[in-house]
Amino acid sequence: MFEPLSREYLAAPEALEEKVLENWQADDLFAATLQARKEADAFVFYEGPPTANGRPGIHHVLARTLKDSVCRYWTMQGRRVLRKAGWDTHGLPVELEVEKQLGISGKPDIEKHGIGPFNEACRNSVFTYKKEWEELSQRIGYQLDYENPYVTFDKNYVESVWFLLSRFAANDLLYRGHKVLPWCGRCGTGLSSHEVSQGYKDIDDPSVWVSFPLQNASGILADAALVAWTTTPWTLPSNMGACVHPNLEYAVISADNRHFVLLESKADSVFGEGTWEKLGTVQGAELTGLSYEPLFAFDGGEVVHEGTKRHVVSADTFVSDEDGTGIVHLAPYGADDFRIAQAEDITALLAVGNEGRFLCDVADVKAGTFFRDANKPLAQDLKDRGRLIKRSQCNHSYPHCWRCDTPLLYFPSPAWFLKTTAYKDAMVEENQRIRWAPSEIGEGRFGEWLENNIDWALSRDRYWGSPLPVWMCNADENHWDCLGSFEELADRVGGLPTDFDPHRPVVDTLHYPCTASDCTGTMHRVPQVIDCWFDSGAMPLAQYHWPFENQELVAEQFPADFIAEGLDQTRGWFYTLHAISVFLTRVDKKLWAENPDLPRLTPGSAYKSVLVNGLLLDTDGQKMSKRLGNIVNPAEAIGQHGADAIRWGLLAGGAAHLSRRYDDRALAEVRRRVFGTLTASYDFFALYARTEGWEPSADTISDRPPLDRWILSRTQATAEECAQAWEDLEPSHALRALEGLIVDEISNWYIRRSRRRFWAADDPVGQQSAFTTLHEVLSTVAQLIAPVAPFLADALWQRLGHAESVHLTRFPEHSVWRDPALESAMDPILRASSLGRSVRERVQIRVRQPLAKVLVHINAEAKLVASPRDYEATLREELNVKEVEWVEGTPDFLQVRAKANFKTLGRRAGKDMKELAAAIGTLDRETLFTLKGGGTTEVTVGDTTYALTGEDVLMETLSVEGLEAAGDGKVTLGLVTDITPELEREGLAREVLNRIQTQRKESGLEVSDRIRLKVFADAPLRQALQEHGKWIADEVLAPDGLDLPDALPAWAASTTDLPENVHHWDLPGDVGVKILVEKA
RNA sequence: GGGCCAGUAGCUCAGUUGGUUAGAGCGUCCGCCUGAUAAGCGGGAGGUCUGUGGUUCAAAUCCACAUUGGCCCA
């Protein structure tokens, strides 16, 4: 029992941690904690599924540590915390990775390769890094059930996703529409914003200003034409409207004998300075509803939105006054344009199709022309017809396809939407019930996002994803079904293939006759797959194949008490979880009405609290990226510092939501300062427990000294702070409190001031109390650090002699230890110690030199319940004084100062406060004492007289006349610095004692070894040693006493060439001494 | 362009509802202790709390604007 820990741990944290890990795995600790809490209340946690097609980085260690620590805390609070691992397996990143592996690129390549083999490759690639993730997670102590993870491509998972989607459809919240996407006409595919950002290039484009002559306008606008600007003349045939800003003021001008409307500030650049004349102004809002002459007349094209209007003016705030003319030409090739068309019911017609080519002849442009090649002829045509006002070239950066380098167009592509805007209010309301840490994200970032909610574009024109379970009739596109289970599909198609897997392409081969009456069409699945964010958002239900299985379990495990992810998930997982759950539990009333046996899920969001963590930057505050080469390899970091130090360092390094830096130096400091101090404290305890043969016993110690009760109280206070911090989702607060307890209170104060008691054979009761107390304190600390430093906690716990793992214990709660009065009484002692050392420093008297007396005065304001006098012995030893004199009242030799109490006076005094404070500062001693004695006084400032009571004035004591003194306002201390010959001799004796101990240590003696001791000294020292020899001998374990020979040997004159085991020392005051220390 | 966050000592960060002298660690200077010893401790020095304006008797804290950086979304 009580083997040392410090050296072993600090030298190689990794080795110790791996040993601990092996034990956990051998005992299946995670299963054991769950087993022990089988009947306990659940604390529900959802694991946000990582994408398993990339290596885990150090930032994942941060997120996983946060999750793990909170879950461990609640487990220690006795809750049953299931932690099902999960993997996000679908989506574009997987496809791109596989394309690279297969050496193909783009949709045509994939289809040539075959969707079947392609998807098979995707499925296999997903787990390339799974093992690495699992190993890292385990190595950092992230407790998670890896045996039964949820996997989003699993057929059961997909079936749950289908079910959820069918519920949206059943509530008429699934609809077909168009989504404007960056689009490559050659590849025939939409691109994600990430892909687009990889392909910007500078190219030249025409820049044209065209006119829209108003029709049926009156007044100043009669015969005027709007001026619009574009760099994409190819979109002009598809022009469907013009848009202005409702609140901008537009000028009506005359130029070239015609009238135009545009922003006045832009007229010079379009028409040239001095060539135009302002006729008047008009508000944007006044232009709305007017119609104008279309730019082109042609037949054909594709209608993508059937509306009641065309070529009209509308107003919207997206119009800016910076570029162009303040009047925007609307065509379906823009997201804002498309949105306005839908809102204003404007018909949207495409002249350019999804291959990037014209669908019909327009002016001189033939059908089939590539869109950019039409710019010139169209501009020429407009010029010929007088509709082109100005033309120039502009060079700008334009997105290109990263695969084939073709310029992209924005294209309204058919897509399926979830009508989330229909229940936006419910989402906003439920968001207010979520506890966000930090709260600003819930109100701000997430709240804003919900307020500006737009319908969820759900479909993706891709291959590797949950297939959209919509079957559509080939005769009438208005006939479509959204299927909600494999059984339903089997019923329709007359049975499913054996080992049915719902992925493409097999699912695409399943057809059935249209069920609409009088329709002879066939139902085919639509080609799209589902946005993989829907997969992950469905996780609370789909992870348990709900509602097909586990109905009761899901009812218990919904919603989550806690989730935690990075800030980047605000509009990702945090949103999709919320959107799906609010819909299912609040909007879908039919489901619950029609299925009374289905256990009800608590209405609301999918999570009650969420801890958001910020970015992890490198040491210089730079974002970690492969390009910069500043990625921290987690395995290397763990090898260097150990997982616990990294966990601690990452969590302590600032508020969780702030971006913080990964700093090797900070981690090294955690190891040294926190873990080093803790393990050294344990080693101190263990050393003397072994030496003295101490063992823990069940006996209670009835009468512990105040210092022991103090540290117990502080430990319990810290436990309470930690519990509060975990419940507030503020891990760094818990760690700060623990660091203070470990470093300042246990090590630097309690142990430092208690050391002697551990070997004090003359006080067995005190010794027993010291051992028991420190054992209890260290055990409690092991439990308190367990959520964050699980390895060290367990190693420490077990070395302290506890049988089972610390992780099976309950979070410490020893309310009987708590004694706030005792705690506050220590404060003046700590202050007095600090002041005393400060004075000694100033007067240059080292601590080893005993002094006769210290005077201590504690400000009456402190109003202490318990008396600091309980700690008098502690203070005496700390300051090395013979006597502490507690000064009562406020004797004349104390200098006092009055200060205004701003809190009580501020409101009363108002503007006079400043002067009043100054006046109070000058109050004399006598008045002060009157006040403090319960009397009152009056102070006049300006015209107002203020009646003051003792409460309004704070009295500080500053120094002591006639003594070397110091004060901090609350405690004043005066040191009697006269050194009598007697004290001087004791000081010298202490110097000798110190040298002997040093010699002991240098000779490699154990602390309990007995020694033989001989001291060779001259006259002045001899007297000191004769007086204190017995005491010295006792202290240094010299059973034969201190041998002080009268006659000095010949070598005593030299300081070199000394016999073995003899050292020469120079003591203060030019005193030399030679000491022999050898093992007895 | 919109939203959110941050800017405090040379560095990394605390700072509770506005209140008296803005704290800690690292680094630096000086010193000390040691029956925890390849550790440890104390005492100094070091701050226009990003800037400007405002509210207030009183602002690091509340408000506005600006500025720098970060993230998300356009």
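Since the structure is predicted, the reported quantities are computational estimates derived from the model, not experimental observations. In what follows, chains are A, B, ... by sequence order, proteins preceding strands, each numbered from 1. Hydrogens, waters and symmetry mates are skipped; everything else that's a heavy atom, side chains included, is used.
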Could you say whether the aromatic ring of A:W449 and the base of B:rG3 stack, counting only centre distances under 5.5 Å and plane angles under 30°? no
Any strand: nucleotide that pairs with [N] via Watson-Crick or wobble, under 3.5 Å:
N      : answer
B:rA9  : none
B:rU48 : none
B:rC71 : B:rG3
B:rC62 : B:rG54
B:rG35 : none
B:rU17 : none

Reference residue A:E878; test salt bridge (charged side-chain N to carboxylate O under 4.0 Å, His left out); the match among A:R753, A:R755, A:R831: A:R753
For the pair A:H775 and A:F685, name the ring-plane relationship: parallel under 30°, tilted 30 to 60°, perpendicular over 60°. tilted
Identify whether any heavy atom of [X] sits under 4.0 Å from a base atom; if not, whether one sits that close to sugar-phosphate; answer base, sugar-phosphate or nothing.
X       : result
A:L1037 : base
A:E841  : base
A:N748  : sugar-phosphate
A:D336  : nothing
A:A680  : base

Take atom [atom1] in [N] and the same atom in [M], then report the distance between them in whole Å.
N      : M      : atom1 : answer
B:rC4  : B:rC62 : P     : 15 Å
B:rG42 : B:rU48 : C1'   : 31 Å
B:rG44 : B:rC49 : P     : 23 Å

Checking A:E1035 now: which residues fulfil side-chain hydrogen bond (donor to acceptor under 3.5 Å, both in side chains) with it, not counting sequence neighbours? A:R756
Please determine, for the side chain of A:F902, which listed nucleotide (B:rA36, B:rG19, B:rG43) has the closest atom? B:rG19
Using side chain to side chain donor-acceptor pair (under 3.5 Å), reason through A:N453 and A:Y575 one step at a time and then give a plain yes or no. CA-CA 10 Å; A:N453 186 258; A:Y575 172 64; 2.8 Å; yes
Residues in ring pair (Phe, Tyr, Trp, His ring centres under 6.0 Å) with [X], at least two apart?
X       : answer
A:H1063 : A:W1065
A:F758  : A:F684, A:F771
A:W573  : none

Please confirm whether the shortest side-chain N or O distance from A:R848 to OP1 or OP2 of B:rC33 is below 4.0 Å. yes
Does B:rA38 have OP1 or OP2 sitting under 4.0 Å from an N or O in the side chain of A:R7? yes
Where each residue is assigned the nucleotide of RNA chain B containing its nearest heavy atom, which of A:E878 and A:L905 is assigned the position nearer the 5′ end? A:L905
Reading RNA chain B from 5' onward, which residue's closest nucleotide shows up sooner: A:R672 or A:L567? A:R672
Using atom [atom1] of [X] as one end and atom [atom2] of [N] as the other, report the distance to the nearest whole Å.
X      : N      : atom1 : atom2 : answer
A:N901 : B:rC57 : CG    : C1'   : 14 Å
A:R673 : B:rG40 : CZ    : C1'   : 13 Å
A:L830 : B:rC41 : CG    : C1'   : 14 Å
A:R840 : B:rC41 : CZ    : P     : 20 Å
A:E745 : B:rA24 : CD    : P     : 15 Å
A:D337 : B:rA74 : CG    : P     : 16 Å
A:R995 : B:rG35 : CZ    : C1'   : 16 Å

Give the intermediate values and the outcome of side chain to side chain donor-acceptor pair (under 3.5 Å) for residues A:E739 and A:W648. CA-CA 10 Å; A:E739 288 179 9; A:W648 191 286; 2.8 Å; yes
Check nucleotides 13-16 of chain B against the protein and report each pair of N or O atoms closer than 3.5 Å, with its distance, or say if there are none.
from   : atom 1 : to     : atom 2 : distance (Å)
B:rA14 : OP1    : A:A655 : N      : 3.1
B:rA14 : O2'    : A:R736 : NE     : 3.3
B:rA14 : O2'    : A:R736 : NH2    : 3.4

Donor-acceptor list for residues 840-847 of chain A side chains, cut-off 3.5 Å, not counting sequence neighbours:
from   : atom 1 : to     : atom 2 : distance (Å)
A:R840 : NE     : A:L879 : O      : 3.2
A:R840 : NH1    : A:I845 : O      : 3.3
A:R840 : NH1    : A:R846 : O      : 2.4
A:R840 : NH1    : A:Q849 : O      : 3.2
A:R840 : NH2    : A:Q849 : O      : 2.8
A:R840 : NH2    : A:L879 : O      : 3.0
A:R840 : NH2    : A:N880 : O      : 3.2
A:R842 : NH2    : A:A965 : O      : 2.8
A:Q844 : NE2    : A:E841 : O      : 3.1
A:R846 : NE     : A:E991 : OE2    : 2.5
A:R846 : NH2    : A:E991 : OE2    : 3.1

